[in-house]
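Below, chain A is the first sequence line, B the second, and so on; all start at residue 1.
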Amino acid sequence: MEWIETTADTVPAAIDLVLDNLGVDEREADIEVLEEPKTGLFGRVKGQARVRARVKPKAPRPKQERRDRKRSSGKKKPNGGGGNKQGGDSSESKPQQRQAAAASTPKEDRPRREKKPAAPDKTDAELAGEVNEFLTGLVAAFGLDGDVEVTPVDGDLEATISGQHGVLVGPKGRTLDAIQELSRVTIQKASTSTARVRIDVGDYRERRRAALVALAEDVAGRVTDSGTPLALQPMTSVDRKVVHDALAAIEGVASRSDGEDPYRRIVVEVAS
Amino acid sequence: MSADLAPTAQAALAHVCKSVVADPDAVEIAASENDNGVRLDVTVGDGDMGRVIGRRGRVASAIRTVVGAAAAKDGVSVEVEFVD
């Protein structure tokens with residue numbers, strides 16, 4: 001199983017991100033902190049946290065557990081049904097959990113990532129087909145009419161469901177986010193791919209994006225006028241990124257995120 | 001199973017669960033009525049429970065969100081339980 005490397009502002013954020021990419025729990029992953037963020041004067045972040053992780057190679061299930069599943073007439077499941085393609089290489093599976101101390105070790109001692117990630121076992125087109133099948137089936141299950149289109153873009157997948165189906169979007173796009181999450185799980189179960197999936201229904205994302213940018217501009221104006229920091233409502237990481245990016249383009253204001261998901265929110269203040 | 005209870009929610013739940021697990025044929029849904037609406041009990045094959053629940057229950061909560069949206073079409077509220 002190849003390692004996936006991510007960077008984020010903080011170590012916990014980077015770990016969250018990398019686990020999201022793997023789609024597994026902390027306990028099922030080997031996590032290594034490669035680099036802690038360097039903080040500059042007044043806590044301004046100068047460097048990013050670098051973290052890498054992989055799904056822990058699974059040892060074969062204990063016999064006791066395997067006996068049970070023979071009730072389905074000993075139907076053979078690939079790789080113990082786990083869907084993870086690696087074998088039982090247990091010698092490697094020692095929990096090297098969160099080597100947070102890695103930051104204090106000299107750089108030379110840190111694991112260097114020499115080898116490139118193994119080629120994904122499925123082509124983008126195959127993955128796109130699987131996402132398409134999942135979404136088409138879902139739209140049908142909802143009893144809706146909508147054409148599904150999935151396009152690979154730079155190793156990720158972009159999907160569009162045609163029509164203005166509010167039921168698939170939900171309040172603040174929550175249903176859509178859930179569908180997106182499930183699409184990702186769908187392809188990860190059968191592939192080592194870590195492709196992200198982005199789904200839009202009608203032009204919802206674009207409209208949401210425009211609304212968030214307008215919000216960012218409005219808040220930036222108010223903060224500049226009053227000089228007082230303002231906290232926004234909690235948003236998903238995707239929405240926060242849109243707002244952060246929009247604010248970064250506006251002079252005179254700075255933004256940061258505060259709190260823990262799902263209540264993590266942006267605070268806008270006058271740039272120092 | 002009573003297919004007449006919240007048919008849209010059941011269809012969505014079945015489709016989503018089958019898409020997420022390694023053994024789609026083992027997915028079963030039992031529907032029952034209670035005071036709050038319809039309750040859908042999902043059973044999955046051995047070893048697939050982790051997949052439908054996911055890290056910190058993320059997949060389970062995504063499934064509940066989607067099925068809840070589907071249930072709106074049925075005009076009922078739906079409770080999804082994953083049964084071990």
Side-chain angles (χ1 to χ4, degrees), chain A residues 16 19-20 22-29 58 61 65-72 75 77-84 130-131 133-144 165-171 174-190 261-262, chain B residues 3-29 31 40 42-78 80 82-84:
Chain A
D16 263 0
L19 288 176
D20 280 356
L22 288 173
V24 297
D25 187 88
E26 241 172 87
R27 293 182 306 261
E28 298 164 42
K58 268 198 199 98
R61 287 165 170 282
E65 250 184 279
R66 279 206 292 214
R67 199 167 297 147
D68 288 346
R69 48 171 46 183
K70 287 211 178 116
R71 95 186 138 81
S72 47
K75 187 167 51 174
K77 277 187 219 165
N79 290 326
N84 294 316
E130 281 174 23
V131 171
E133 200 177 309
F134 171 70
L135 294 175
T136 306
L138 190 68
V139 169
F142 269 74
L144 297 170
H165 299 301
V167 66
L168 296 177
V169 174
R174 283 223 309 269
T175 307
L176 187 51
D177 288 339
I179 294 173
Q180 196 165 281
E181 165 98 14
L182 293 171
S183 305
R184 198 176 50 76
V185 176
T186 302
I187 58 171
Q188 281 180 354
K189 85 168 180 196
D261 275 325
Chain B
D4 49 329
L5 291 172
T8 313
Q10 280 201 48
L13 180 60
H15 176 66
V16 168
C17 289
K18 283 171 192 286
S19 305
V20 168
V21 298
D23 184 4
D25 296 337
V27 174
E28 276 170 30
I29 296 167
L40 301 175
V42 184
T43 41
V44 297
D46 291 334
D48 271 337
M49 199 48 130
R51 298 212 160 262
V52 289
I53 291 176
R55 180 169 82 81
R56 285 186 226 154
R58 280 184 68 134
V59 180
S61 104
I63 292 175
R64 291 199 173 100
T65 303
V66 172
V67 173
K73 293 205 81 179
D74 299 320
V76 292
S77 83
V78 155
V80 177
F82 299 95
V83 185
D84 220 343

If you round to the nearest 0.5 Å, how far is CZ of R51(B) from OG1 of T186(A)?
->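 Output value for this atom pair is 10.5 Å.
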Spatial distance of atom OG (S19(B)) from atom CD1 (I187(A)) [nearest 0.5 Å] |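 If I round to the nearest 0.5 Å, the distance is 12.5 Å.
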Which pair of heavy atoms, one from [X] and one from [Y], lies closest together, and at what distance?
| X | Y | result |
| --- | --- | --- |
| T175(A) | T65(B) | CA-CG2, 3.8 Å |
| A62(B) | A178(A) | O-CB, 3.5 Å |
| G143(A) | K73(B) | O-NZ, 3.7 Å |

Heavy-atom proximity to chain A below 4.5 Å, by part of L13(B) =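 Looking at L13(B), nothing touches chain A.
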Non-hydrogen atoms of chain A under 4.5 Å away: do they reach the side chain of A12(B), the backbone, both or neither?
-> both
Picking from T8(B), D74(B), V66(B), which has the most non-hydrogen pairs under 4.5 angstrom with chain A?
->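 Maximum pair count with chain A is reached by V66(B).
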Give, as side chain, backbone, both or neither, the part of Q180(A) having an atom under 4.5 angstrom from any heavy atom of chain B.
->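 Neither part.
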Checking V185(A) against chain B: side chain, backbone, both or neither under 4.5 Å from a heavy atom?
-> side chain
Under 3.5 Å, side chain of K189(A) to main-chain N/O of A22(B), donor-acceptor pair present?
->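 Answer holds: no.
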